[in-house]
Amino acid sequence: MLPCVQTEDDSTEAAVTLPVSVRDLLPQDLPACTWAGSDTHLRHVERELARAAAGEVDYLAVCTPADLPVAIGGIDYQVSEGAGILWQLAVLPALQSCGLGTLLVRAAEQRIRDRGLRRVALAVEEDNRRARALYERLGYVAYGREPDVWDEEGPDGSIRRHETMCVLMRRNL
């Protein structure tokens, strides 16, 4: 159960307690994950699920009692020997700051430990201060920077190249 308090305005607070579970993300979950990214992004996630079937990655979902994903993220075991690399972590925007990101990262770390690995790493965009603060609270330490680039779909369906600088972070498990 994760408690969540969201302030609607200065005078109204609503507290919600939501039981959640963590499981593997499945192809049939993708239509319910439009909050996580564009159609282009979800097609990429679908390709990654094929890699999950081959054991190269894990792709996790934090789900509500109705089995709807509210947070998703991957672990790639092929990028860095001896480490799991977290990537594509996302939480339903309306439920951010409710502990779901923490739960997702901790579940991913457990998957990495279950494979006998003792290191985890990730890259976070430099301007994503909120995510970086979460990772720092969870014990991740910055150790470098590197550029990253990917295709991004605009609201009109056009594809453009997104270029960014990322902070590299890691943690020993």
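Glu153 contributes a side-chain N or O that, together with a main-chain N or O of Thr40, makes up a donor-acceptor pair within less than 3.5 Å. Checking side-chain atoms of Glu46 against main-chain N and O of Pro27 turns up no donor-acceptor pair under 3.5 Å. Of the possible donor and acceptor atoms, none in the side chain of Arg170 sits under 3.5 Å from a partner among the backbone N and O of Ile85.
Considering only residues two or more places apart in sequence or on other chains, Arg171 meets the salt bridge (charged side-chain N to carboxylate O under 4.0 Å, His left out) condition with Glu109.
The two atoms that bring Leu173 and Arg113 nearest to each other are CD2-NH1, 3.4 Å, heavy atoms only. The heavy-atom pair separating Asp148 from Cys166 by the smallest distance is CB-SG, 4.0 Å. Between Asp58 and Trp87, the shortest heavy-atom contact is O-CZ3, 4.3 Å. Across all non-hydrogen atoms, the minimal contact from Trp35 to Val91 is CZ3-C, 3.4 Å. The two residues Asp29 and Asp24 have their closest heavy-atom pair at OD2-O, 4.2 Å.
Using modelled atom types and a 3.5 Å distance limit, the side chains of Ser97 and Arg130 yield a donor-acceptor pair.
No continuous path of ILVMFWY side-chain contacts below 4.5 Å connects Val141 to Val124, so the two sit in separate hydrophobic clusters. Hydrophobic cluster membership differs between Leu49 and Trp150, with clusters built from Ile, Leu, Val, Met, Phe, Trp and Tyr side chains linked at under 4.5 angstrom. No path of Ile, Leu, Val, Met, Phe, Trp and Tyr side chains, each step under 4.5 Å between heavy atoms, connects Ile159 with Leu42, placing them in separate hydrophobic clusters. Linking ILVMFWY side-chain heavy atoms closer than 4.5 Å, directly or via other members, places Leu26 and Leu60 in two distinct hydrophobic clusters. Residues Val79 and Val105 fall into different hydrophobic clusters, defined by Ile, Leu, Val, Met, Phe, Trp and Tyr side chains chained together at heavy-atom separations under 4.5 Å.
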Donor-acceptor list for residues 62-75 side chains, cut-off 3.5 Å, not counting sequence neighbours:
unit_1 : atom_1 : unit_2 : atom_2 : d
Thr64  : OG1    : Ala66  : N      : 3.3
Thr64  : OG1    : Leu68  : N      : 3.3
Asp67  : OD1    : Arg23  : NE     : 2.9
Asp67  : OD1    : Arg23  : NH2    : 3.4
Asp67  : OD2    : Arg23  : NH2    : 3.3

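Within the 4.5 Å cutoff, the side chain of Arg132 has no heavy atoms near those of the Glu126 side chain. Side-chain contact between Tyr140 and Leu86 is present, with at least one heavy-atom pair separated by less than 4.5 Å. When side chains are defined from C-beta on, Asn128 does not count as touching Val167, because their heavy atoms never get closer than 4.5 Å. Between Arg137 and Leu134, the closest side-chain pair of non-hydrogen atoms falls below 4.5 Å. Looking only at side-chain heavy atoms (C-beta outward), Leu100 and Leu92 stay at 4.5 Å or farther from each other. Leu89 is listed as a side-chain neighbour of Tyr135, based on a closest heavy-atom distance under 4.5 Å.
Heavy-atom neighbours of Arg161 CZ from other residues, nucleotides or ligands within 6.0 Å: above the threshold of 12. A 6.0 Å sphere centred on CZ of Arg106 holds more than 12 heavy atoms belonging to other residues, nucleotides or ligands. Crowding of Gln28 atom CD: a count of heavy atoms from other residues, nucleotides or ligands under 6.0 Å exceeding 12.
Counting side-chain heavy-atom gaps under 4.5 Å among Ile, Leu, Val, Met, Phe, Trp and Tyr, the cluster of Leu168 also holds Tyr143.
Taking CD1 of Ile112 as the start and CZ of Arg119 as the end, the distance is 10.5 Å to the nearest 0.5 Å. Atom CD in Glu48 sits 6.0 Å away from atom CD in Gln88 (nearest 0.5 Å). Between the CD atom in Glu56 and the CG atom in Asp76 there is a gap of 7.5 Å [rounded to 0.5 Å]. Between atom CD of residue Glu81 and atom CD of residue Gln78 there is a gap of 10.5 Å, rounded to the nearest 0.5 Å.
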Steps toward salt bridge (charged side-chain N to carboxylate O under 4.0 Å, His left out) verdict (Asp151, Arg160): CA-CA 6 Å; Asp151 289 335; Arg160 67 178 178 90; over 6 Å; no

